[in-house]
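Quick notes on the structure that follows.
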Number of protein chains: 2
Amino acid sequence: MSVGIRHDDLRRRNRAMVIAAVRQAGRPSRTEIAATTGLSHSTISAISSDLIGEGILAEGKPSEAGALKRGRPQVGLGLTPEAAAVMTVVLSLNFLSVAVIDYAGQVISEEQRRLDTLTMSREALIGECVAIVRRRLEDPDIDVRSVARIALAIQGITDTEARAMLWSPITPQTDIAFADILEAEFGIPTTMENDCNMMAVALRRRDPERYRDDFIAILLSHGIGMGLVLKGELFTGTHSSGGEFGHMIHRPGGALCRCGRRGCVEAYAGNYAIWRNARQLGEDTEPVADVSDAQMRALAATARERDGPEREAYRKAGEALGYGLGSLFALIDPAPVAMVGVSAAAFDLIEPALREAIAQTAGGQHSESISFDTEPNELPLIREGCAMRALTFVDQEIFAPGVPTKSSAGKNVA
Amino acid sequence: MSVGIRHDDLRRRNRAMVIAAVRQAGRPSRTEIAATTGLSHSTISAISSDLIGEGILAEGKPSEAGALKRGRPQVGLGLTPEAAAVMTVVLSLNFLSVAVIDYAGQVISEEQRRLDTLTMSREALIGECVAIVRRRLEDPDIDVRSVARIALAIQGITDTEARAMLWSPITPQTDIAFADILEAEFGIPTTMENDCNMMAVALRRRDPERYRDDFIAILLSHGIGMGLVLKGELFTGTHSSGGEFGHMIHRPGGALCRCGRRGCVEAYAGNYAIWRNARQLGEDTEPVADVSDAQMRALAATARERDGPEREAYRKAGEALGYGLGSLFALIDPAPVAMVGVSAAAFDLIEPALREAIAQTAGGQHSESISFDTEPNELPLIREGCAMRALTFVDQEIFAPGVPTKSSAGKNVA
DNA sequence: AGTGTTTTTTCGGGGCTCGAAAAAATAGGG
DNA sequence: CCCTATTTTTTCGAGCCCCGAAAAAACACT
């Protein structure tokens, strides 16, 4: 039973709404905010006056500068960069990247490091993360007290509570509660996010026209990951980050997957699988640990050049992705797809077989509404999504506190 | 951008909350309602006083009669049966079933009819539905004006707006806007629902302990259908009723499915597929139109008796369902499953292969939390779910009007 | 009949949003 | 240069809503 709405929640919810409207629109006028939120001008006036008084918003020129209309000119409201800061930590294969971002979304400090994540001990991995965060916090440009939230993204499976990494392909270690560790170390609220989910968050922000309420972001990298937005909300599994598209079964008992099982989509479409097929190594061959981006690009170039095992490998990848998407579309209906990652640059090699496969499935019947977009570089997307995620937390939980979030369940006080 | 909360919405939302609490609890006292909704006693007192004045609620003895506690005894609040009525129409293979249900959920009039849905013309099918509804509305026991809502459930695909049947296995006809037709004919708001979704709604009501926030109802019948509840809400596709579990691809290019494609789960686990395999007819054999429940039960009996093609047919069904569920669980994480329909009575034959298959998938890693329940008779479930769905509409849209529902999107008034 | 206990109602207070009207700020026109 | 039309923003009073505390109600127990 969902919980009733208390009277005090009203203002908090509407405050959050106003902040969200400003973050989305950039520098909207009060009138624009009233229009998008559906609240009255008087309410917007009152709330924005509060927010300005608290230093969260500041007045400035409106975004659409040119519009010289008659009448009193609009006053733009923007987020105050100094109101807060957040930190993003992106941990990917052999690479650790950290940034501090001001409340308006601008990067104010960053650092990147190469690591050998596959061989590092648990302690070393945690230690590197803690150390890099500490170094950024000690940056003289940063006011430590203003850093209100850390969002840490990792390839792999995270828990629903956004506290821990359960499993990741970038390290043999499992069950590391990064969020708890960083929180204990620095006293800053921290969440643990799945990289593909962050890609989806960033895509929506980048192109809200195309990626609005329902869309799919697929990471074509060493493994296959997915971020799914349904009905305007990030879709996660009920226990974990879910959306393990790469481990849907394409062929029962088929090719050996990195996860140890057989026939997963990833075992045909992951970089290691394309590599394995291109080398004609046989489907039982143990997946290689890593294939460099350069190697993959060379593979794609060869596949474009001549009709050999390389081209066939991409065809098989397309087929697996197509059948997988077809099954997915049978469940959720077709939606726009973004292909992200190094193999997205080879999407021309993948697409024909993919479309052919999808046409064989129930999802293919609405194939007109399936469109693909590609983005070869996943890291900037993940960083951007992470920043948005952390900033949204600040918007909601610090500057409009007390609003019941998804996680707080209604309890029966017996 | 989600829309702000207007001041007037508050009361409406909380009214809806109180009605929902009463419907769920049966005859709760005001104190119990206050506890479940989290609202104060004074608010509950005011709202329930309104609702009693409007004839929606009525006082009576509390549900837990025995509890002779000290102090002022609780006064139970119950839904007034006469406050409204709803109608359920369930259209399934060769069968049409209608019931009128009072506001408290009791059946007050019903009628069932055998039809030959597979051969009927579009006009005849619509005509039968309209006629049976008209007859029930003319029942002298029924006050036509009190019938506030009709919910019509059908096997097959419906659109997200709950207006039309897009496709159904029970008739060659497609795209029948039943909701619009009945609404135009009788002037009563009508919705079109998917049968498996209604099963899920009913399961949650029947056993809220087991079927709470995340669960799956699978219909094992001539075809394979699914109703999915995630995070406490019925999950539907973005365009259609979605959840076409039966048409996820089990084996690319595999057995011929009733939908014309190949390798769907249904092509191994639907009644016609089990029948086809038991008769060793080959996977390319055109699916038969119908297999009677008696024939299926005989098949299951034979399979239990001896290790022959019948047993192998059930094994294959289990394997397909297991791999399908495995892929589904990879996306949404494991959840309790209810197997409904005639083949659920043969679940003992299906389960071993199903569990073996699921253990081969990514979803199998949390296999301890996967549990199956069976219910051989789907019709009562569908009817019950339909009634709940219609009553909930009355609760929300008639007795607490103006609450923004999921369907009403926030519009930018530019 | 009195006392204790629990439920329900009443009442006043504080907040919130809204609509209307006023104030503010500017462009255009004479 | 001043006045008017226009648009944005603020102000103000009214109406609701919810809450907490206290009072009232309704019973069991002694």
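By convention in this document, chain letters (A, B, ...) are assigned in the order of the sequence lines, proteins followed by strands, and residues within each chain are numbered from 1. Bear in mind that the values here come from a model prediction, so they are computed numbers and not experimental data. Side-chain atoms are counted along with the backbone in the values below, which use heavy atoms only and exclude waters and symmetry mates.
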Worksheet, complete the sentence: Annotated structure of DNA chain D as dot-bracket, pair cut-off 3.5 Å, Watson-Crick or G-U only, | for inter-strand, is ||||||||||||||||||||||||||||||

Nearest-angstrom distance from the residue atom [atom1] of [X] to [atom2] of [N]:
X        : N       : atom1 : atom2 : answer
Arg12(A) : dT17(C) : CZ    : P     : 12 Å
Asp9(B)  : dG15(C) : CG    : C1'   : 17 Å
Leu77(A) : dT8(D)  : CG    : C1'   : 12 Å
Leu10(A) : dG14(C) : CG    : P     : 19 Å
His7(B)  : dG14(C) : NE2   : P     : 16 Å

Worksheet item: Under a 4.0 Å N-O cut-off, is there an ion pair linking Glu233(B) with Lys231(A)?
Response: no

Worksheet item: Does a side-chain N-to-carboxylate-O contact under 4.0 Å join Glu59(A) and Arg30(A)?
Response: yes

Practice prompt. Starting at CG of Asp141(A), measure out to CG of Asp102(A) and round the result to the nearest 0.5 Å.
Written response: 12.0 Å

Fill in: Gap between atom CZ of Arg204(B) and atom CG of Leu234(B) - 0.5 Å precision
8.0 Å

Does [X] place a side-chain N or O at less than 4.0 Å from the phosphate oxygens OP1/OP2 of [N]?
X        : N       : value
Thr43(B) : dC19(D) : yes
Arg6(A)  : dC19(D) : yes
Asn14(A) : dT17(C) : yes
Arg11(A) : dT17(C) : yes

Fill in: nucleotides 2-9 of chain C: protein proximity per nucleotide (B base, S sugar-phosphate only, - neither; heavy atom, under 4.0 Å)
--BBBBBB

Practice prompt. Hey, can you tell me if His7(B) and His7(A) have their rings parallel, tilted or perpendicular (30° and 60° cut-offs)?
Written response: tilted

